[in-house]
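Each remark here refers to the structure printed beneath this line.
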Amino acid sequence: MKNIIFIACLVLTAFSASATQKKNLAIDPDNLYPQVKIETSMGTMIVELDRVRAPITVDNFLTYVVQGEYNGTIFHRVEADFVVQGGGFTKDYMVKRDKGNIFNESGNGLKNTFGTIAMARESAPHSANRQFFFNLGDNKSLDPGRRWGYAVFGMIVEGDEVLEKMAQVKTDYNDYVGWENVPIEPIVITKVTLLRAQ
């Protein structure tokens, strides 16, 4: 009986290790600065993530990326000189399921400056899950001080001009969802891909 239990434990351990290995392989754990390609209806951007400063946030984001969770979503909020936010809704404004909230890494030293990517959240500090935004200006008000800020976890390294084009789109109040600053012509995130390290 003891031998059977021992063998069963070995099998479970091997299965667990194999599953963990596959998961880790999927999100490129040994790459400290992974890059993702974000293809949109307005052009393509390459974003470099900072796993050194924001390991929890980067791993969370990459999990959505490799599972194709951002494909077919939209940037539903555009505020000139402030932010472009997306990743949480389909083109029909259906809410995409999230995988739970994560710890707020806003105290990592990275600032909300133009071209950086950060996690969107509600008023509660640790309420970020899948939505993210790009800063369209130097948004010091989003950095931490005596209160929690918004966690920056990377920056655009190619395609700044695409972000600048997004900042200029026409927006309006959307009756269907009851939001301001919604692009009249949807900005679609067609595909987000993890670029393997060379």
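No experiment lies behind these values; they were computed from the predicted model shown.
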- prompt: At their closest point, which heavy atom of Leu194 faces which heavy atom of Val65, and how far apart are they?
  reply: N-CG1, 3.8 Å
field: Verify same cluster id: Phe82, Val78 (apolar side-chain graph, 4.5 Å)
entry: no
query: Are the side chain of Asn31 and the backbone of Asp28 linked by a donor-acceptor contact shorter than 3.5 Å?
result: no
- prompt: Are Leu136 and Leu142 co-members of a hydrophobic cluster defined by side-chain heavy atoms under 4.5 Å apart?
  reply: no
task: Drop me the distance from Gln35's CD to Met45's CE, to the nearest 0.5 angstrom.
output: 13.5 Å
- prompt: So, do His126 and Asn101 sit near enough that their side-chain heavy atoms are less than 4.5 Å apart?
  reply: no
message: If hydrophobic clusters are built from ILVMFWY residues whose side chains come within less than 4.5 Å, do Leu163 and Val169 share one?
response: yes
- prompt: Looking at side-chain heavy atoms only, is the closest gap between Thr57 and Ile102 below 4.5 Å?
  reply: yes
statement: Rounded to the nearest 0.5 Å, the CZ atom of Arg53 sits from the CG atom of Leu32 at a distance of 12.5 Å
- request: Mind listing the closest non-hydrogen atom pair of Thr63 and Ile27 along with its distance?
  value: N-CG2, 3.9 Å
statement: Taking every heavy atom of Thr190 against every heavy atom of Ser41, the minimum-distance pair comes out as CG2-N, 4.5 Å
Within one Ile-Leu-Val-Met-Phe-Trp-Tyr cluster: Val36 and Met166, side-chain cutoff 4.5 Å: yes
message: Would a single hydrophobic cluster contain both Phe75 and Val162, if residues Ile, Leu, Val, Met, Phe, Trp and Tyr are joined by side-chain heavy-atom contacts under 4.5 Å?
response: yes
- request: Spell out, as yes or no, whether a donor-acceptor pair under 3.5 Å connects the side chain of Asn104 to the backbone of Gly149.
  value: yes
message: Check this for me: Lys91, atom NZ, are more than 12 non-hydrogen atoms of other residues, nucleotides or ligands nearer than 6.0 Å?
response: no
query: Is there a donor-acceptor pair closer than 3.5 Å between any side-chain N or O of Asn60 and the backbone N or O of Asn129?
result: yes
4.5 Å side-chain heavy-atom contact, Pro125 and Arg147: no
task: Salt-bridge test for Asp59 and Arg51: reply yes if a basic N is under 4.0 Å from a carboxylate O, no otherwise.
output: yes
- request: Might you point out which heavy atoms bring Ile117 and Met155 nearest each other, and give the distance in Å?
  value: CG2-N, 4.1 Å
message: Check whether Asn181 reaches the backbone of Thr171 with its side chain - one donor and one acceptor, N or O, closer than 3.5 Å.
response: no
message: My understanding is that only one of His76, Arg77, Glu122, Lys96 makes a side chain to side chain contact (heavy atoms under 4.5 Å, CB included) with Gln131; could you say which?
response: His76
- request: Apply the side chain to side chain donor-acceptor pair (under 3.5 Å) test between Asn135 and each candidate in Thr116, Thr113, Asp81; give the one that qualifies.
  value: Thr116
message: So which atom in Gly87 and which in Thr73 form the shortest heavy-atom distance, rounded to 0.1 Å?
response: CA-OG1, 3.8 Å
message: Rounded to the nearest 0.5 Å, what separates atom CD in Glu185 from atom CE in Met42?
response: 9.5 Å
Between Asp92 and Thr90, a side-chain donor and acceptor under 3.5 Å: no
message: I'd like to know if the side chain of Tyr70 and the backbone of Arg130 have a donor-acceptor N/O pair within less than 3.5 Å.
response: yes
message: Strictly distance-based, threshold 3.5 Å: is any side-chain N or O of Asp50 a donor or acceptor partner for the main-chain N or O of Val52?
response: yes
task: May I ask you to test the Tyr64-Val192 pair for a side-chain heavy-atom distance under 4.5 Å?
output: no
query: So do Thr193 and Glu39 actually touch side chain to side chain, heavy atoms under 4.5 Å?
result: yes
field: Closest non-hydrogen atom pair, Ala167 against Ala80
entry: O-CB, 3.9 Å
Pairwise side-chain contact, Phe153 with Glu105, heavy-atom cut-off 4.5 Å (strictly under): no
task: Look up atom CZ in Phe134 and atom CD in Gln85, then write down how far apart they are to the nearest 0.5 Å.
output: 12.0 Å
- prompt: What orientation do Tyr93 and Tyr176 show, parallel under 30°, tilted 30 to 60°, or perpendicular over 60°?
  reply: tilted
field: Aromatic ring pairing Phe61/Phe132, orientation class (parallel under 30°, perpendicular over 60°, tilted between)
entry: perpendicular
